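See below for the structure under consideration.
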Amino acid sequence: MFKKIILVTWMIQMAVTVQAEEQLLEEIVAVVDDAIIIGESAYSSMEKHGRGAESVIHGALRVAKPATFGVLTTIVAFAPTLFTQGVFAPFPQALGWVVILCLIFSLVESKWILPAHLSHITPSDHGIWGEINRAQAFCNSKLDYFVKNKYQPFLVKCIKNRYNTLAIFLATFILTVGIVAGGIVRMVIIPDVPGDFISGELELVEGTAAWQTREAHNQIVDALYRVNERYIRETGDDKGVIEHVLSRGHSLRFANFMVELTRTEERTIDATELMRQWREEVGEIPGARVLSFSNANNESSGAVSFNLVASDMDVLDQAAKELSDHLRSYEGLYDIRNGASALQDEIVLNIKPSAEALGLSQSALGTQVRQAFYGAEAQRIQRGSNEIKVMVRYPRKDREAISNLENMYIRTQENIEVPFASVADMAVEPAPSKITRVNGQRAITVSAAANKAVVEPMQIVANIEKVLMPELQQKYPGLLYTLSGESEEDSKMLKSLFLGFALALFGIYALLAIPLQSYSQPVIIMGIIPFGMIGAVVGHIVMDIPINMLSLFGIIALSGVVVNDSLILTDAINNRLRENQSLLDAVTGAAKQRFRAILITSLTTF
């Protein structure tokens, strides 16, 4: 229960921190980009026609159509986040709603409120504002010089050698795809988020004495405090890293641990590294079936997890063993769990042939044993709003040992009591502690936790599905499998995002075709979207971080910025072509005209 409380607390914290920061950044980008385009066009109009409301209106109207449709395409690009699936779906859905509503508001703000403010700006040559205006004029002159003497000549060379230019960009894009596919930039959809809690879980084999469980419990707790003492010695921080420790044992052979750490900014070690040191310090525990440590912020059913399904239990056991052995061969995977090994002792009753002559059946035998030790419902009593069951069964002293079962009497159809041993045999056999079924067939879950700083869980899952699973299905006919845990959530989220984004591309194409009045130009603009990913991948290489769920949302936002800038440029080119300029002059002139707006938009997004 306390794990669930910590998990809920973390989810609330995530919604207020990571997601809130992501949403705030997207909102700023959305509003600022649209405002920059309108503001820069109004500023250019005032430079040409003088200051005043008419100049501002003229400048705003000149880019109103492409700017509006640019925002609409960004809204469509974020629409797939509203339809993501999986347990983590609320996060992208909340992000999508916030960004879309912010974009809708930016349409009103940039088209009506911003021009009204710009029309009342009065330049001043005195005081601090005079210094700012002079600095602005200096930067504008240098930027105009760069555009005229550096950018435009280079653009003309690129256009005249357009096939070489295209080949360079295609080669760079292919290289970028290879970097991602080759694992140089890893993809971890659900990243580990180090927080202020770590947890541990211990499960010992059946039959473990209570004193052995206590010794194992103390060994784990003592190891934690040794790690804390070592941290104090090495850093000189008397406070250490441990704030509180909560541990509890139950059912004689289970123990759970929850550790609250000091605040992240107060220590020099993160939760992931502390968890690793704790695991190493504990060492081996005799009789431990499960000994796992995890970041409480990332509770899941395993970064790599499979459900094996078959009607034959022996097939399941053998396949699960081979799969768990295969998982152990991957560096970075730990806490391998095989559901087939989760066994407990079970009493198996078999009726004797002589009992059938007395009118006894296997079902009748089981019913009488159950009623004797578990109880038979005699009546129900209403007590207030609650209904109380009255159960009749043997006294406690007569149902505490297996010998009580051996000494009980069984009643025949003739109401004659006969000794249990004369009508049935009893045996104690190992059996699964729980039975899982998928579509009516027995299933076993095999899972592993992953150090996501070392391995890429999705790549491991893909490799197992491609290589190992076909071999197991060929070796064990009738064996099926499904993804589970975090592996299933990764797959659900990626599939829903990619499917939604593919559908969104059709919407973006339709929106681009309206202002451009062309069927080919939207294709050209949308063809630029993949090239925008080059910078995103380079950024992940420089920052040495894997592509994750938040990265995908950033790439979606990036596609909106790329389409918006391209639409503004293409609209300017079309306007110049309608003025009977040559194609080269129209392209270079429009690029010069929109350079400042596109540059500022890109820099503010960066």
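Everything quoted here is computed from the prediction, not taken from an experiment.
Considering every non-hydrogen atom in both T262 and E243, the closest pair reads CG2-OE1, 3.5 Å. For the residue pair A319 and L472, the shortest heavy atom distance occurs at O-CD1, 4.3 Å. Shortest non-hydrogen contact noted between F83 and S496 is O-CB, 4.0 Å. Considering all non-hydrogen atoms of both residues, V455 and G332 come closest at CG1-CA, 3.8 Å. Looking at every heavy atom in both residues, S305 comes nearest to T445 through OG-CG2, 3.7 Å. Nearest heavy-atom pair across N228 and V241 is OD1-N, 2.8 Å.
For the pair S551/H540, a side-chain contact is recorded, criterion being any heavy-atom separation below 4.5 Å from C-beta on. Using a 4.5 Å heavy-atom threshold, the side chains of I555 and M533 count as touching. L308 is listed as a side-chain neighbour of M469, based on a closest heavy-atom distance under 4.5 Å. Side-chain atoms of P546 and M187, non-hydrogen and from C-beta on, never get closer than 4.5 Å to each other. Using a 4.5 Å heavy-atom threshold, the side chains of Y330 and I464 count as touching. Looking at heavy atoms from C-beta onward, W278 lies in side-chain contact with F257 at the 4.5 angstrom threshold. Residues T264 and D270 fail the side-chain proximity criterion, which asks for heavy atoms closer than 4.5 Å. Side-chain contact between N307 and L483: absent, with no pair of heavy atoms (C-beta onward) separated by less than 4.5 Å.
By the neighbour-count criterion of 12 heavy atoms within 6.0 Å, atom CZ of F531 is densely surrounded, having more than that number from other residues, nucleotides or ligands. Under a cut-off of 6.0 angstrom, the local environment of CD in E331 is sparse, with at most 12 non-hydrogen atoms contributed by other residues, nucleotides or ligands.
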Next on the checklist: If you apply the rule side chain to side chain contact (heavy atoms under 4.5 Å, CB included), what do you find for I529 with V563, and how did you get there?
Outcome noted: CA-CA 7 Å; I529 295 177; V563 169; 3.7 Å; yes

Checklist entry - For Q277 and R230, what are the C-alpha separation, side-chain angles and deciding distance, and is it a side chain to side chain contact (heavy atoms under 4.5 Å, CB included)? => result CA-CA 10 Å; Q277 293 184 17; R230 184 167 64 236; 3.4 Å; yes

Checklist entry - Step by step, would you call H217 with V221 a side chain to side chain contact (heavy atoms under 4.5 Å, CB included)? => result CA-CA 6 Å; H217 167 275; V221 174; 3.8 Å; yes

Next on the checklist: Apply salt bridge (charged side-chain N to carboxylate O under 4.0 Å, His left out) to residues E486 and K452 and explain how you reach the verdict.
Outcome noted: CA-CA 13 Å; E486 191 174 311; K452 295 178 182 177; 2.5 Å; yes

Next on the checklist: For a side chain to side chain contact (heavy atoms under 4.5 Å, CB included) check, start with the C-alpha distance between V309 and L479, then their side-chain angles and the critical distance, and finish with the verdict.
Outcome noted: CA-CA 6 Å; V309 182; L479 177 67; over 6 Å; no

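Rounding to the nearest 0.5 angstrom, the gap separating the CD1 atom in I598 from the CG atom in D565 is 5.0 Å. For the atom pair CD1 (I220) and CG (N256), the distance works out to 10.0 Å, reported to the nearest 0.5 Å. To the nearest 0.5 angstrom, F169 atom CZ is 13.5 Å from I174 atom CD1. Within the model, atoms CZ of F293 and CG of L224 stand 9.0 Å from one another, a figure rounded to the nearest 0.5 Å. Expressed to the nearest 0.5 Å, how far CZ of F78 lies from SG of C102 amounts to 10.0 Å. To the nearest 0.5 Å, atoms CG (D335) and CG (L327) are separated by 12.0 Å.
Inspection of the Y481 and E465 side chains reveals an N or O donor paired with an N or O acceptor under 3.5 Å. Between the side chains of S199 and S294, at least one donor N or O sits under 3.5 Å from an acceptor N or O. Side-chain contact of T208 with T213: a donor-acceptor pair under 3.5 Å is absent, judged by distance alone.
Between the side chain of S329 and the backbone N or O of D325, no donor-acceptor pair lies under 3.5 Å. Using a distance-only test at 3.5 Å, with no hydrogens or angles considered, no donor-acceptor pair links the side chain of Y231 to the main chain of R226. A distance-only check finds a donor-acceptor pair linking the side chain of S487 to the backbone of A303 [under 3.5 Å]. In terms of modelled atom types and a separation under 3.5 Å, the side chain of Q219 and the main chain of V282 share a donor-acceptor contact. Formation of a donor-acceptor pair under 3.5 Å by the N463 side chain with backbone atoms of Q459 is not found in this model. Although no hydrogens or angles enter the test, the distance criterion places a donor-acceptor pair under 3.5 Å between the side chain of Q212 and the main chain of A209.
Screening T482, V461, L468, I444 for a side chain to side chain contact (heavy atoms under 4.5 Å, CB included) with F306, the sole residue that qualifies is V461. Each of I184, L175, V180 was compared with V537 under the side chain to side chain contact (heavy atoms under 4.5 Å, CB included) criterion, and only V180 meets it.
Electrostatic pairing of D317 and K321 does not count as a salt bridge here, judged by no charged N lying under 4.0 Å from a carboxylate O. Salt bridge status for E322 with K475: present, with a side-chain N to carboxylate O gap under 4.0 Å. A salt bridge does not link E273 with R267: every distance from a Lys NZ or Arg NE/NH1/NH2 to an Asp or Glu carboxylate oxygen is 4.0 Å or more.
With sequence neighbours left out, K389 forms a side chain to side chain contact (heavy atoms under 4.5 Å, CB included) with E377, R380, M391. Legend: residues meeting side chain to side chain donor-acceptor pair (under 3.5 Å) with E215, ordered by chain and number and at least two apart, are absent. V290 meets the side chain to side chain contact (heavy atoms under 4.5 Å, CB included) test with E203, S292, R337; sequence neighbours excluded.
The aromatic rings of F254 and H250 sit parallel, their planes meeting at an angle under 30°, below the 60° perpendicular limit.
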